[in-house]
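The next block holds one structure in the form of C-alpha coordinates; read it before the comments.
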Protein chains: 2
Amino acid sequence: MPDGIERSLLAAIVEGRLAPGAQLSEAQLAEAFGVSRTLVREALARLQARHVVAVRPRRGWFVARPDSDEAAQVFAARRAVEYGFLATARPFDAEQVARLEAHLAEERDAIAQGDKPRLTYLMGDFHARIVAVAGNEPLTEIMRNLTARTILISLCRQSSDDALASHRDHVRIVGAIAAGDMAEAARLSVEHLDAVEAGLGRDTAPDPLAALRDTLRLDPAPDGAASSFAPSPL
Amino acid sequence: MPDGIERSLLAAIVEGRLAPGAQLSEAQLAEAFGVSRTLVREALARLQARHVVAVRPRRGWFVARPDSDEAAQVFAARRAVEYGFLATARPFDAEQVARLEAHLAEERDAIAQGDKPRLTYLMGDFHARIVAVAGNEPLTEIMRNLTARTILISLCRQSSDDALASHRDHVRIVGAIAAGDMAEAARLSVEHLDAVEAGLGRDTAPDPLAALRDTLRLDPAPDGAASSFAPSPL
DNA sequence: AATGCAGGCCTTGCATGCAAGACTGATTGA
DNA sequence: TCAATCAGTCTTGCATGCAAGGCCTGCATT
(Lines give C-alpha, C1' and ligand atoms only; values in the text may rest on other atoms or scores of the structure.)
Protein backbone atom coordinates (compact mmCIF):
# COMPACT_ATOMS: atom_id res chain seq x y z
CA MET A 1 0.00 0.00 0.00
CA PRO A 2 2.72 2.52 0.81
CA ASP A 3 3.84 3.55 -2.65
CA GLY A 4 7.26 4.85 -3.53
CA ILE A 5 6.32 8.47 -3.03
CA GLU A 6 5.06 7.96 0.48
CA ARG A 7 8.14 5.93 1.40
CA SER A 8 10.53 8.46 -0.09
CA LEU A 9 8.89 11.34 1.70
CA LEU A 10 8.71 9.51 5.01
CA ALA A 11 12.33 8.45 4.74
CA ALA A 12 13.38 12.00 3.94
CA ILE A 13 11.47 13.28 6.94
CA VAL A 14 12.59 10.79 9.56
CA GLU A 15 16.17 11.09 8.39
CA GLY A 16 16.01 14.82 8.86
CA ARG A 17 16.57 15.74 5.23
CA LEU A 18 13.16 17.40 5.32
CA ALA A 19 12.96 19.49 8.45
CA PRO A 20 9.80 19.87 10.51
CA GLY A 21 7.87 22.84 9.19
CA ALA A 22 9.28 22.51 5.67
CA GLN A 23 6.79 23.16 2.91
CA LEU A 24 5.96 20.46 0.41
CA SER A 25 4.62 21.70 -2.88
CA GLU A 26 2.41 19.27 -4.73
CA ALA A 27 3.58 20.59 -8.08
CA GLN A 28 7.26 20.36 -7.23
CA LEU A 29 6.97 16.87 -5.83
CA ALA A 30 4.96 15.80 -8.85
CA GLU A 31 7.69 17.00 -11.15
CA ALA A 32 10.41 15.48 -8.98
CA PHE A 33 8.73 12.08 -8.99
CA GLY A 34 7.67 12.36 -12.60
CA VAL A 35 3.99 11.85 -11.89
CA SER A 36 0.92 14.03 -11.71
CA ARG A 37 -0.24 15.90 -8.66
CA THR A 38 -2.87 13.25 -8.08
CA LEU A 39 -0.44 10.62 -6.86
CA VAL A 40 1.46 13.14 -4.78
CA ARG A 41 -1.76 14.25 -3.14
CA GLU A 42 -2.65 10.67 -2.29
CA ALA A 43 0.74 10.07 -0.71
CA LEU A 44 0.51 13.32 1.25
CA ALA A 45 -2.98 12.42 2.42
CA ARG A 46 -1.70 9.11 3.76
CA LEU A 47 1.12 10.85 5.56
CA GLN A 48 -1.41 13.29 6.95
CA ALA A 49 -3.41 10.40 8.36
CA ARG A 50 -0.21 9.33 10.09
CA HIS A 51 0.29 12.86 11.48
CA VAL A 52 3.59 13.21 9.69
CA VAL A 53 2.54 16.08 7.48
CA ALA A 54 -0.18 18.67 7.87
CA VAL A 55 -2.05 20.76 5.36
CA ARG A 56 -3.09 24.36 5.79
CA PRO A 57 -6.00 25.01 3.46
CA ARG A 58 -5.03 26.80 0.28
CA ARG A 59 -1.64 27.39 1.84
CA GLY A 60 0.26 24.20 1.38
CA TRP A 61 1.53 20.99 2.88
CA PHE A 62 4.10 21.09 5.64
CA VAL A 63 6.14 18.60 7.55
CA ALA A 64 4.44 18.33 10.92
CA ARG A 65 5.79 20.16 13.93
CA PRO A 66 4.29 18.41 16.96
CA ASP A 67 3.79 20.80 19.85
CA SER A 68 4.74 19.87 23.38
CA ASP A 69 1.21 18.77 24.12
CA GLU A 70 1.18 16.33 21.27
CA ALA A 71 4.67 15.21 22.20
CA ALA A 72 3.56 14.32 25.70
CA GLN A 73 0.59 12.39 24.39
CA VAL A 74 2.67 10.48 21.88
CA PHE A 75 5.07 9.46 24.60
CA ALA A 76 2.21 8.42 26.83
CA ALA A 77 0.78 6.37 24.00
CA ARG A 78 4.11 4.70 23.42
CA ARG A 79 4.44 3.87 27.08
CA ALA A 80 1.02 2.27 27.03
CA VAL A 81 1.52 0.29 23.85
CA GLU A 82 5.03 -0.95 24.55
CA TYR A 83 4.35 -1.77 28.15
CA GLY A 84 1.09 -3.46 27.28
CA PHE A 85 2.56 -5.49 24.51
CA LEU A 86 5.45 -6.82 26.55
CA ALA A 87 3.34 -7.39 29.63
CA THR A 88 0.76 -9.42 27.74
CA ALA A 89 3.08 -11.12 25.25
CA ARG A 90 4.18 -14.71 25.46
CA PRO A 91 7.92 -15.24 25.95
CA PHE A 92 9.95 -15.09 22.74
CA ASP A 93 11.53 -18.19 21.29
CA ALA A 94 15.20 -18.43 20.39
CA GLU A 95 14.73 -17.40 16.77
CA GLN A 96 12.81 -14.29 17.74
CA VAL A 97 15.47 -13.33 20.24
CA ALA A 98 18.09 -13.88 17.56
CA ARG A 99 16.34 -11.40 15.29
CA LEU A 100 16.30 -8.81 18.02
CA GLU A 101 19.99 -9.37 18.61
CA ALA A 102 20.60 -8.94 14.92
CA HIS A 103 18.95 -5.57 15.23
CA LEU A 104 21.20 -4.66 18.14
CA ALA A 105 24.16 -5.56 15.97
CA GLU A 106 22.90 -3.19 13.31
CA GLU A 107 22.66 -0.45 15.90
CA ARG A 108 26.24 -1.14 16.94
CA ASP A 109 27.41 -0.95 13.36
CA ALA A 110 25.64 2.32 12.74
CA ILE A 111 27.18 3.77 15.91
CA ALA A 112 30.62 2.54 14.94
CA GLN A 113 30.33 4.01 11.47
CA GLY A 114 28.78 7.21 12.73
CA ASP A 115 25.96 6.82 10.25
CA LYS A 116 23.63 9.35 11.81
CA PRO A 117 20.53 9.03 9.62
CA ARG A 118 20.64 5.26 9.73
CA LEU A 119 21.10 5.37 13.46
CA THR A 120 18.12 7.65 13.91
CA TYR A 121 16.03 5.20 11.98
CA LEU A 122 17.33 2.15 13.81
CA MET A 123 16.96 3.60 17.28
CA GLY A 124 13.37 4.44 16.60
CA ASP A 125 12.57 1.24 14.79
CA PHE A 126 13.87 -0.97 17.58
CA HIS A 127 10.62 -0.80 19.43
CA ALA A 128 8.54 -1.46 16.36
CA ARG A 129 10.74 -4.41 15.57
CA ILE A 130 10.08 -6.03 18.91
CA VAL A 131 6.42 -6.09 17.99
CA ALA A 132 7.20 -7.11 14.43
CA VAL A 133 9.15 -10.21 15.38
CA ALA A 134 6.20 -11.23 17.52
CA GLY A 135 4.21 -11.19 14.29
CA ASN A 136 1.53 -8.71 15.25
CA GLU A 137 0.94 -6.55 12.19
CA PRO A 138 -1.63 -4.14 13.59
CA LEU A 139 0.57 -3.35 16.57
CA THR A 140 3.64 -3.06 14.34
CA GLU A 141 1.90 -0.50 12.22
CA ILE A 142 0.84 1.41 15.32
CA MET A 143 4.36 1.37 16.67
CA ARG A 144 5.86 2.48 13.37
CA ASN A 145 3.55 5.47 13.29
CA LEU A 146 4.28 6.40 16.88
CA THR A 147 8.03 6.15 16.41
CA ALA A 148 7.88 8.26 13.26
CA ARG A 149 6.10 10.92 15.25
CA THR A 150 8.64 10.54 18.02
CA ILE A 151 11.47 11.21 15.60
CA LEU A 152 9.64 14.32 14.43
CA ILE A 153 9.35 15.40 18.05
CA SER A 154 13.05 14.92 18.62
CA LEU A 155 13.86 16.90 15.52
CA CYS A 156 11.78 19.81 16.80
CA ARG A 157 13.68 20.06 20.04
CA GLN A 158 17.27 20.07 20.97
CA SER A 159 17.20 16.51 22.20
CA SER A 160 20.19 15.32 24.09
CA ASP A 161 20.16 12.39 21.74
CA ASP A 162 22.46 10.08 23.61
CA ALA A 163 22.51 7.20 21.17
CA LEU A 164 24.86 5.18 23.31
CA ALA A 165 22.63 5.38 26.35
CA SER A 166 19.63 4.40 24.28
CA HIS A 167 21.52 1.50 22.78
CA ARG A 168 22.48 0.29 26.25
CA ASP A 169 18.82 0.43 27.23
CA HIS A 170 17.92 -1.58 24.18
CA VAL A 171 20.50 -4.20 25.05
CA ARG A 172 19.04 -4.54 28.52
CA ILE A 173 15.51 -4.86 27.17
CA VAL A 174 16.54 -7.60 24.78
CA GLY A 175 18.37 -9.24 27.64
CA ALA A 176 15.23 -9.37 29.71
CA ILE A 177 13.25 -10.74 26.77
CA ALA A 178 15.91 -13.38 26.14
CA ALA A 179 15.69 -14.37 29.78
CA GLY A 180 11.95 -14.77 29.37
CA ASP A 181 11.29 -12.05 31.90
CA MET A 182 8.68 -10.10 29.96
CA ALA A 183 7.55 -8.15 33.00
CA GLU A 184 11.05 -6.85 33.48
CA ALA A 185 11.31 -6.02 29.79
CA ALA A 186 8.08 -4.06 30.06
CA ARG A 187 9.38 -2.18 33.10
CA LEU A 188 12.66 -1.38 31.37
CA SER A 189 10.83 -0.12 28.28
CA VAL A 190 8.85 2.40 30.28
CA GLU A 191 12.01 3.48 32.05
CA HIS A 192 13.73 3.90 28.71
CA LEU A 193 10.91 5.99 27.31
CA ASP A 194 10.91 8.16 30.40
CA ALA A 195 14.63 8.74 29.95
CA VAL A 196 14.24 9.69 26.30
CA GLU A 197 11.36 12.03 27.07
CA ALA A 198 13.29 13.62 29.90
CA GLY A 199 16.15 14.29 27.50
CA LEU A 200 13.91 16.41 25.33
CA GLY A 201 14.50 20.12 25.41
CA ARG A 202 12.14 22.99 24.84
CA ASP A 203 10.63 23.78 21.48
CA THR A 204 13.39 24.94 19.19
CA ALA A 205 11.01 26.98 17.10
CA PRO A 206 12.34 27.85 13.65
CA ASP A 207 10.45 31.05 14.12
CA PRO A 208 12.40 34.12 13.11
CA LEU A 209 10.68 35.99 15.89
CA ALA A 210 11.84 33.55 18.53
CA ALA A 211 15.24 35.13 18.97
CA LEU A 212 13.73 38.58 19.18
CA ARG A 213 11.09 37.46 21.66
CA ASP A 214 13.74 35.79 23.73
CA THR A 215 15.88 38.89 23.72
CA LEU A 216 12.97 41.07 24.75
CA ARG A 217 11.69 38.45 27.21
CA LEU A 218 8.27 38.43 25.71
CA ASP A 219 5.81 35.63 26.15
CA PRO A 220 5.38 33.37 23.13
CA ALA A 221 2.29 35.35 22.09
CA PRO A 222 -0.40 32.70 21.57
CA ASP A 223 -1.69 33.54 18.11
CA GLY A 224 -4.44 36.09 18.12
CA ALA A 225 -3.72 37.25 21.63
CA ALA A 226 -1.91 40.52 21.05
CA SER A 227 1.00 39.98 23.38
CA SER A 228 0.29 42.49 26.08
CA PHE A 229 3.57 44.27 25.75
CA ALA A 230 5.27 42.98 28.84
CA PRO A 231 8.35 45.05 29.44
CA SER A 232 11.47 43.24 30.46
CA PRO A 233 12.01 43.10 34.21
CA LEU A 234 14.97 45.38 34.05
CA MET B 1 -10.04 15.59 8.99
CA PRO B 2 -12.63 12.85 8.59
CA ASP B 3 -15.02 14.37 6.12
CA GLY B 4 -18.69 13.54 5.90
CA ILE B 5 -18.22 10.83 3.33
CA GLU B 6 -15.74 8.92 5.42
CA ARG B 7 -17.96 9.24 8.48
CA SER B 8 -21.06 8.13 6.65
CA LEU B 9 -19.37 5.12 5.15
CA LEU B 10 -17.75 4.13 8.43
CA ALA B 11 -21.04 4.51 10.26
CA ALA B 12 -22.83 2.41 7.66
CA ILE B 13 -20.18 -0.27 7.97
CA VAL B 14 -19.91 -0.52 11.74
CA GLU B 15 -23.67 -0.45 12.06
CA GLY B 16 -23.93 -3.37 9.72
CA ARG B 17 -25.87 -1.58 6.99
CA LEU B 18 -22.94 -2.28 4.67
CA ALA B 19 -21.96 -5.91 5.10
CA PRO B 20 -18.36 -7.12 5.01
CA GLY B 21 -17.49 -7.98 1.44
CA ALA B 22 -19.98 -5.54 -0.04
CA GLN B 23 -18.76 -3.67 -3.08
CA LEU B 24 -18.48 0.09 -3.04
CA SER B 25 -18.60 1.74 -6.43
CA GLU B 26 -16.86 5.07 -6.67
CA ALA B 27 -19.32 6.30 -9.25
CA GLN B 28 -22.39 5.30 -7.25
CA LEU B 29 -21.07 6.80 -4.04
CA ALA B 30 -20.12 9.96 -5.89
CA GLU B 31 -23.66 10.32 -7.17
CA ALA B 32 -25.17 9.45 -3.80
CA PHE B 33 -23.10 12.09 -2.03
CA GLY B 34 -23.45 14.57 -4.84
CA VAL B 35 -19.72 15.01 -5.34
CA SER B 36 -17.15 13.86 -7.82
CA ARG B 37 -15.29 10.58 -7.67
CA THR B 38 -12.25 12.43 -6.38
CA LEU B 39 -13.66 13.04 -2.93
CA VAL B 40 -15.06 9.53 -2.74
CA ARG B 41 -11.68 8.09 -3.65
CA GLU B 42 -10.02 10.13 -0.93
CA ALA B 43 -12.48 8.94 1.67
CA LEU B 44 -12.07 5.33 0.54
CA ALA B 45 -8.31 5.68 0.65
CA ARG B 46 -8.52 6.87 4.25
CA LEU B 47 -10.74 3.96 5.16
CA GLN B 48 -8.29 1.67 3.43
CA ALA B 49 -5.51 3.00 5.63
CA ARG B 50 -7.71 2.06 8.57
CA HIS B 51 -8.20 -1.43 7.18
CA VAL B 52 -11.93 -0.95 6.96
CA VAL B 53 -12.17 -1.25 3.19
CA ALA B 54 -9.90 -2.91 0.66
CA VAL B 55 -9.37 -2.32 -3.02
CA ARG B 56 -8.82 -4.96 -5.65
CA PRO B 57 -7.06 -3.32 -8.58
CA ARG B 58 -9.37 -2.54 -11.48
CA ARG B 59 -12.02 -4.56 -9.70
CA GLY B 60 -13.43 -2.30 -7.09
CA TRP B 61 -13.60 -1.31 -3.46
CA PHE B 62 -14.99 -3.71 -0.90
CA VAL B 63 -15.84 -3.60 2.75
CA ALA B 64 -13.05 -5.51 4.46
CA ARG B 65 -13.53 -9.08 5.57
CA PRO B 66 -10.82 -9.76 8.16
CA ASP B 67 -9.70 -13.38 8.13
CA SER B 68 -9.18 -15.31 11.34
CA ASP B 69 -5.49 -14.52 11.34
CA GLU B 70 -6.12 -10.82 11.23
CA ALA B 71 -8.84 -11.21 13.81
CA ALA B 72 -6.47 -12.84 16.25
CA GLN B 73 -3.90 -10.12 15.72
CA VAL B 74 -6.41 -7.36 16.20
CA PHE B 75 -7.54 -8.87 19.46
CA ALA B 76 -3.95 -9.29 20.58
CA ALA B 77 -3.32 -5.67 19.73
CA ARG B 78 -6.34 -4.57 21.71
CA ARG B 79 -5.25 -6.60 24.71
CA ALA B 80 -1.86 -4.93 24.58
CA VAL B 81 -3.16 -1.40 24.14
CA GLU B 82 -5.96 -1.53 26.66
CA TYR B 83 -3.96 -3.36 29.27
CA GLY B 84 -0.98 -1.09 28.74
CA PHE B 85 -3.02 2.05 28.94
CA LEU B 86 -4.78 1.15 32.16
CA ALA B 87 -1.66 -0.29 33.75
CA THR B 88 0.37 2.85 33.07
CA ALA B 89 -2.40 5.42 33.51
CA ARG B 90 -2.82 7.63 36.51
CA PRO B 91 -6.01 7.10 38.49
CA PHE B 92 -9.03 8.93 37.10
CA ASP B 93 -10.53 11.87 38.88
CA ALA B 94 -14.20 12.12 39.78
CA GLU B 95 -15.17 14.00 36.64
CA GLN B 96 -13.55 11.43 34.41
CA VAL B 97 -15.27 8.60 36.23
CA ALA B 98 -18.54 10.46 35.83
CA ARG B 99 -18.08 10.56 32.08
CA LEU B 100 -17.50 6.84 32.01
CA GLU B 101 -20.60 6.28 34.05
CA ALA B 102 -22.53 8.45 31.65
CA HIS B 103 -21.40 6.11 28.92
CA LEU B 104 -22.59 3.12 30.90
CA ALA B 105 -25.95 4.82 31.20
CA GLU B 106 -26.08 5.20 27.43
CA GLU B 107 -25.36 1.50 27.06
CA ARG B 108 -28.19 0.73 29.48
CA ASP B 109 -30.57 2.91 27.49
CA ALA B 110 -29.65 1.28 24.23
CA ILE B 111 -30.17 -2.15 25.74
CA ALA B 112 -33.51 -1.14 27.19
CA GLN B 113 -34.67 0.29 23.88
CA GLY B 114 -33.29 -2.62 21.91
CA ASP B 115 -31.47 -0.17 19.63
CA LYS B 116 -29.16 -2.70 18.03
CA PRO B 117 -27.00 -0.46 15.79
CA ARG B 118 -26.52 2.10 18.53
CA LEU B 119 -25.65 -0.66 20.95
CA THR B 120 -23.07 -2.13 18.60
CA TYR B 121 -21.46 1.26 18.37
CA LEU B 122 -21.56 1.94 22.09
CA MET B 123 -20.22 -1.45 23.13
CA GLY B 124 -17.25 -1.03 20.86
CA ASP B 125 -16.68 2.59 21.67
CA PHE B 126 -16.59 2.03 25.41
CA HIS B 127 -12.93 1.09 25.32
CA ALA B 128 -12.00 3.99 23.11
CA ARG B 129 -13.87 6.29 25.43
CA ILE B 130 -11.85 5.21 28.42
CA VAL B 131 -8.78 6.43 26.63
CA ALA B 132 -10.59 9.50 25.36
CA VAL B 133 -11.59 10.74 28.81
CA ALA B 134 -7.96 10.41 29.82
CA GLY B 135 -7.26 12.91 27.06
CA ASN B 136 -4.81 10.90 25.01
CA GLU B 137 -5.65 11.60 21.39
CA PRO B 138 -3.16 9.31 19.68
CA LEU B 139 -4.29 6.37 21.76
CA THR B 140 -7.92 7.26 21.25
CA GLU B 141 -7.45 7.19 17.51
CA ILE B 142 -5.68 3.86 17.76
CA MET B 143 -8.45 2.41 19.88
CA ARG B 144 -11.15 3.70 17.54
CA ASN B 145 -9.49 2.01 14.60
CA LEU B 146 -9.04 -1.24 16.46
CA THR B 147 -12.63 -1.31 17.66
CA ALA B 148 -13.90 -0.58 14.16
CA ARG B 149 -11.97 -3.57 12.94
CA THR B 150 -13.28 -5.61 15.83
CA ILE B 151 -16.84 -4.83 14.83
CA LEU B 152 -16.03 -5.93 11.29
CA ILE B 153 -14.66 -9.15 12.71
CA SER B 154 -17.80 -9.75 14.71
CA LEU B 155 -19.93 -9.13 11.66
CA CYS B 156 -17.99 -11.76 9.71
CA ARG B 157 -18.67 -14.47 12.24
CA GLN B 158 -21.68 -15.64 14.07
CA SER B 159 -20.64 -13.98 17.28
CA SER B 160 -22.57 -14.90 20.35
CA ASP B 161 -22.88 -11.22 20.94
CA ASP B 162 -24.04 -11.23 24.51
CA ALA B 163 -24.50 -7.54 25.00
CA LEU B 164 -25.64 -7.94 28.56
CA ALA B 165 -22.55 -9.88 29.57
CA SER B 166 -20.35 -7.29 27.90
CA HIS B 167 -22.21 -4.50 29.63
CA ARG B 168 -21.69 -6.20 32.98
CA ASP B 169 -17.97 -6.43 32.23
CA HIS B 170 -17.92 -2.75 31.39
CA VAL B 171 -19.62 -1.91 34.67
CA ARG B 172 -17.01 -3.86 36.57
CA ILE B 173 -14.16 -2.17 34.72
CA VAL B 174 -15.54 1.27 35.48
CA GLY B 175 -16.00 0.14 39.07
CA ALA B 176 -12.33 -0.73 39.34
CA ILE B 177 -11.34 2.57 37.77
CA ALA B 178 -13.62 4.47 40.14
CA ALA B 179 -11.99 2.66 43.04
CA GLY B 180 -8.62 3.79 41.76
CA ASP B 181 -7.53 0.23 41.20
CA MET B 182 -6.10 0.59 37.69
CA ALA B 183 -4.28 -2.72 37.86
CA GLU B 184 -7.55 -4.50 38.48
CA ALA B 185 -9.19 -2.55 35.67
CA ALA B 186 -6.40 -3.63 33.34
CA ARG B 187 -6.80 -7.25 34.37
CA LEU B 188 -10.57 -7.10 33.89
CA SER B 189 -10.15 -5.59 30.45
CA VAL B 190 -7.99 -8.44 29.26
CA GLU B 191 -10.44 -10.90 30.73
CA HIS B 192 -13.27 -9.13 28.94
CA LEU B 193 -11.47 -9.21 25.60
CA ASP B 194 -10.72 -12.89 26.04
CA ALA B 195 -14.39 -13.53 26.66
CA VAL B 196 -15.45 -11.60 23.57
CA GLU B 197 -12.88 -13.36 21.42
CA ALA B 198 -13.91 -16.74 22.76
CA GLY B 199 -17.49 -15.98 21.78
CA LEU B 200 -16.48 -15.63 18.16
CA GLY B 201 -17.55 -18.41 15.86
CA ARG B 202 -16.01 -19.69 12.69
CA ASP B 203 -15.89 -17.69 9.51
CA THR B 204 -19.40 -17.37 8.22
CA ALA B 205 -18.20 -17.08 4.66
CA PRO B 206 -20.80 -15.66 2.28
CA ASP B 207 -19.16 -17.88 -0.31
CA PRO B 208 -21.64 -19.77 -2.48
CA LEU B 209 -19.04 -22.48 -2.96
CA ALA B 210 -18.72 -23.07 0.74
CA ALA B 211 -21.58 -25.54 0.79
CA LEU B 212 -20.14 -27.41 -2.18
CA ARG B 213 -16.68 -27.54 -0.69
CA ASP B 214 -18.11 -28.76 2.55
CA THR B 215 -20.01 -31.50 0.77
CA LEU B 216 -16.94 -32.59 -1.12
CA ARG B 217 -14.71 -32.23 1.94
CA LEU B 218 -12.29 -30.03 0.10
CA ASP B 219 -9.89 -27.70 1.82
CA PRO B 220 -10.72 -24.03 1.50
CA ALA B 221 -8.27 -23.88 -1.43
CA PRO B 222 -5.87 -21.10 -0.56
CA ASP B 223 -5.83 -19.19 -3.80
CA GLY B 224 -3.28 -20.46 -6.26
CA ALA B 225 -2.75 -23.76 -4.52
CA ALA B 226 -4.67 -26.14 -6.73
CA SER B 227 -6.39 -28.12 -4.02
CA SER B 228 -4.88 -31.53 -4.55
CA PHE B 229 -8.10 -33.33 -5.32
CA ALA B 230 -8.64 -35.01 -2.02
CA PRO B 231 -11.31 -37.67 -2.53
CA SER B 232 -13.80 -38.08 0.21
CA PRO B 233 -12.95 -40.89 2.60
CA LEU B 234 -15.83 -43.08 1.38
C1' DA C 1 -23.57 -30.44 -25.01
C1' DA C 2 -19.34 -28.57 -23.59
C1' DT C 3 -15.43 -25.65 -24.42
C1' DG C 4 -12.68 -22.00 -26.19
C1' DC C 5 -12.89 -17.19 -27.67
C1' DA C 6 -14.04 -12.55 -28.52
C1' DG C 7 -16.68 -8.29 -27.86
C1' DG C 8 -18.46 -5.20 -24.69
C1' DC C 9 -19.31 -3.29 -20.19
C1' DC C 10 -17.78 -2.44 -15.85
C1' DT C 11 -14.42 -1.07 -12.82
C1' DT C 12 -10.42 1.79 -11.18
C1' DG C 13 -5.89 4.56 -12.28
C1' DC C 14 -4.08 8.69 -13.34
C1' DA C 15 -3.56 13.18 -15.72
C1' DT C 16 -5.31 17.55 -16.48
C1' DG C 17 -8.03 21.72 -16.28
C1' DC C 18 -10.24 25.27 -13.96
C1' DA C 19 -11.60 27.96 -9.98
C1' DA C 20 -10.92 30.04 -5.61
C1' DG C 21 -8.39 31.37 -1.39
C1' DA C 22 -4.17 33.41 0.73
C1' DC C 23 -0.13 35.84 0.76
C1' DT C 24 3.25 39.44 -1.46
C1' DG C 25 4.57 43.41 -3.28
C1' DA C 26 3.89 47.56 -5.56
C1' DT C 27 1.26 51.55 -6.01
C1' DT C 28 -1.47 55.23 -4.65
C1' DG C 29 -3.35 58.24 -1.58
C1' DA C 30 -3.09 61.06 2.48
C1' DT D 1 6.69 58.86 5.54
C1' DC D 2 3.25 55.75 6.39
C1' DA D 3 -0.81 53.12 5.64
C1' DA D 4 -4.17 51.05 2.97
C1' DT D 5 -5.55 48.84 -1.16
C1' DC D 6 -5.33 46.18 -5.29
C1' DA D 7 -3.24 43.37 -8.78
C1' DG D 8 -0.48 39.36 -9.37
C1' DT D 9 1.13 34.92 -8.20
C1' DC D 10 1.42 31.25 -5.56
C1' DT D 11 -1.00 27.49 -3.39
C1' DT D 12 -4.57 23.72 -2.94
C1' DG D 13 -9.61 21.94 -3.91
C1' DC D 14 -12.27 19.53 -6.80
C1' DA D 15 -14.34 17.95 -11.25
C1' DT D 16 -13.70 15.72 -15.40
C1' DG D 17 -11.79 13.08 -19.19
C1' DC D 18 -9.43 9.40 -21.06
C1' DA D 19 -7.00 5.05 -20.93
C1' DA D 20 -6.31 0.39 -19.38
C1' DG D 21 -7.40 -3.91 -17.11
C1' DG D 22 -10.73 -7.60 -15.51
C1' DC D 23 -14.96 -10.07 -15.95
C1' DC D 24 -19.20 -11.63 -18.02
C1' DT D 25 -21.95 -12.96 -21.78
C1' DG D 26 -22.92 -14.64 -26.12
C1' DC D 27 -21.26 -16.95 -30.10
C1' DA D 28 -18.79 -20.09 -32.81
C1' DT D 29 -16.58 -24.33 -32.91
C1' DT D 30 -15.58 -29.04 -31.90
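Each chain gets a letter, A, B and so on, in the order the sequences are listed, and its residues count up from 1. This structure is a prediction, so every number in the text was calculated from the model and none was measured.
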All side chain to side chain contact (heavy atoms under 4.5 Å, CB included) counterparts of Arg118(A), not counting sequence neighbours: Glu106(A), Ala110(A), Asp115(A), Leu122(A)
Atom-pair distance (CZ on Phe62(A); C1' on dC23(C)), nearest Å: 11 Å
Residue list, side chain to side chain contact (heavy atoms under 4.5 Å, CB included) with Leu100(A), at least two apart or on another chain: Phe92(A), Ile130(A), Val133(A), Val174(A), Ile177(A)
With Arg90(A) via side chain to side chain contact (heavy atoms under 4.5 Å, CB included) - residues at least two apart: none
Those residues that, when tested against Phe126(A), pass ring pair (Phe, Tyr, Trp, His ring centres under 6.0 Å) (two or more places apart): His103(A), His170(A)
Show which side-chain atoms of residues 28-37 of chain B pair as donor or acceptor with protein atoms under 3.5 Å away, not counting sequence neighbours.
{"unit_1": "Ser36(B)", "atom_1": "OG", "unit_2": "Thr38(B)", "atom_2": "N", "d": "3.2"}
{"unit_1": "Ser36(B)", "atom_1": "OG", "unit_2": "Thr38(B)", "atom_2": "OG1", "d": "3.4"}
{"unit_1": "Arg37(B)", "atom_1": "NE", "unit_2": "Glu26(B)", "atom_2": "OE1", "d": "2.8"}
{"unit_1": "Arg37(B)", "atom_1": "NH2", "unit_2": "Glu26(B)", "atom_2": "OE1", "d": "2.9"}

Pull out every protein N or O sitting under 3.5 Å from an N or O of nucleotides 12-14 of chain D, one pair per line with the distance.
{"unit_1": "dT12(D)", "atom_1": "OP1", "unit_2": "Leu24(A)", "atom_2": "O", "d": "3.3"}
{"unit_1": "dT12(D)", "atom_1": "OP1", "unit_2": "Glu26(A)", "atom_2": "N", "d": "3.1"}
{"unit_1": "dT12(D)", "atom_1": "O2", "unit_2": "Arg58(A)", "atom_2": "NH1", "d": "2.9"}
{"unit_1": "dG13(D)", "atom_1": "OP2", "unit_2": "Arg41(A)", "atom_2": "NH1", "d": "2.7"}
{"unit_1": "dG13(D)", "atom_1": "OP2", "unit_2": "Arg41(A)", "atom_2": "NH2", "d": "2.9"}
{"unit_1": "dG13(D)", "atom_1": "O4'", "unit_2": "Arg58(A)", "atom_2": "NH1", "d": "3.4"}
{"unit_1": "dG13(D)", "atom_1": "N7", "unit_2": "Arg37(A)", "atom_2": "NH2", "d": "3.2"}
{"unit_1": "dG13(D)", "atom_1": "O6", "unit_2": "Arg37(A)", "atom_2": "NH1", "d": "3.3"}

